[in-house]
Structures are given as structure tokens and as C-alpha cells.
Enquirer: 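One structure is given below, represented as C-alpha cells, and several questions about it will come after.
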Amino acid sequence: MMHLQPTNSLTEQAFTEFFGQETSLIKEDEMKQYGYFLYDNHKVIAYFALFPVDKISYWLRAFVMKQGAPVTLPITIIQSAEQLTADYGASQLYIHSKSEAVDDLLKQIGYQQEKQGPNRIFEGTWWINKALIVDKCSTY
């Protein structure tokens, strides 16, 4: 059974257990404040951060998956971020991609390319979903 846990209430040890020596990825307080761990059967299998941009938009800023995670995990993370975005009363989700595989995935699930996103990142591509289609049941 998968479930989400906001990371703002977790200890430093929980981060170290998941990220190991790579905790430098998550040194920013904001990454803890806006982060979520995705658990599968009480084991953390992924992390993502969902940053508020404005009243109608959020940004799926980071996601990190454990090796050997299910191949469907990126979709689960995106759907979870979409559901949270809708739960927070917003209607748009930004995702930044530096990978052709992620670009292809986002295209397939209805995201559109944007010229500019909520941050000045010059390499890669910004994507947005302006029509979040979320049912009211849980996706995680």
C-alpha cells in the first residue's frame, strides 16, 4: 500500500536513511518544508518536492526514486503531485525536464511545453498541465 508523508515533520535521520551521503540534494530548508516521501509497504521509495508558485500553480521541483522502484513510479509521483495541487486549490502544475525520456512521458500524459517556468533555468524544457484532471480518489 502506497502513501505520502510530508517531510516537514520528519527527522534529519529519515532524510539520511533515504538520501545517504547525498543529503546535499536536500540541504535547503524549502526542500524539507515542501517535500514528500512516498512509502510502499512502510519503505520510502521516492521523494518529491511540490513548491507553490502562485495562487493557481505549483512546481514539481524534484523527484528522486530508489533503484529498483516500479517502472510506473514516475507516473505515480506526477499523479500524486497533481492531486496535491488540486487539493491545495490550484489548477496548474509545472515540471522542468532535462531528459528526452521525461519530455516524452510528459507529452504522452497531456503536458504542454512552456517558454518560461517559475524559475530561470536555461537548459532543459518547462512543461505545464493547465487542465489537471484528478478524480477525488487517492492516487497513492
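Here, residue 1 is the first one in the sequence, and each next residue gets the next number.
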Enquirer: Show your working on side-chain contact (heavy atoms from CB on, under 4.5 Å) between Tyr36 and Leu84 and close with a plain yes or no.
Expert: CA-CA 11 Å; Tyr36 294 86; Leu84 287 166; 3.8 Å; yes
Enquirer: What are the two closest non-hydrogen atoms of Lys107 and Trp127, and how far apart are they?
Expert: CE-CH2, 3.8 Å
Enquirer: Measure across Pro6 and Leu10 and return the closest heavy-atom pair with its distance rounded to 0.1 Å.
Expert: O-CG, 3.9 Å
Enquirer: Could you check whether Lys32 pairs with Glu12 (Lys NZ or Arg NE/NH1/NH2 to Asp/Glu carboxylate O, under 4.0 Å)?
Expert: yes
Enquirer: Kindly determine whether Ile77 and Met65 satisfy side-chain contact (heavy atoms from CB on, under 4.5 Å), including the steps that lead there.
Expert: CA-CA 10 Å; Ile77 291 169; Met65 301 180 296; 3.9 Å; yes
Enquirer: Once you round to the nearest 0.5 Å, how far does NE2 of His42 lie from CE of Met1?
Expert: 10.5 Å
Enquirer: Determine yes or no for a side-chain-to-main-chain donor-acceptor pair under 3.5 angstrom, with Thr11 supplying the side chain and Ala14 the backbone.
Expert: yes
Enquirer: Can you find a pair of side-chain heavy atoms, one from Ile45 and one from Met2, that are under 4.5 Å apart?
Expert: yes
Enquirer: For the rings on Tyr88 and Tyr58, is their centre-to-centre separation under 6.0 Å?
Expert: yes
Enquirer: Heavy atoms only: give me the nearest Ser57-Gln92 pair and the separation to one decimal.
Expert: OG-NE2, 3.0 Å
Enquirer: Looking at Pro70 and Pro74, what are the two nearest heavy atoms and their distance?
Expert: O-CD, 4.3 Å
Enquirer: For the residue pair Asn129 and Tyr94, establish whether any side-chain heavy-atom pair is separated by less than 4.5 Å.
Expert: no
Enquirer: Before you tell me yes or no, could you show the steps for Leu50 and Trp59 under side-chain contact (heavy atoms from CB on, under 4.5 Å), namely the whole-Å CA-CA distance, both residues' side-chain angles and the distance that decides it to 0.1 Å?
Expert: CA-CA 6 Å; Leu50 190 64; Trp59 171 19; over 6 Å; no
Enquirer: Are Lys130 and Glu114 close enough for a salt bridge, meaning some N to O gap below 4.0 Å?
Expert: yes
Enquirer: On a heavy-atom basis, which atom in Ala62 and which in Met31 lie closest, and how many Å separate them?
Expert: CB-CE, 3.6 Å
Enquirer: Assign the ring pair Tyr39 / Phe37 to parallel, tilted or perpendicular, where the plane angle (0 to 90°) is split at 30° and 60°.
Expert: perpendicular
Enquirer: Could you tell me which non-hydrogen atom of Glu82 sits nearest to which non-hydrogen atom of Leu93, and how far apart they are?
Expert: CG-CD2, 3.7 Å
Enquirer: Does Leu73 reach the side chain of Leu38, with side-chain heavy atoms less than 4.5 Å apart?
Expert: yes
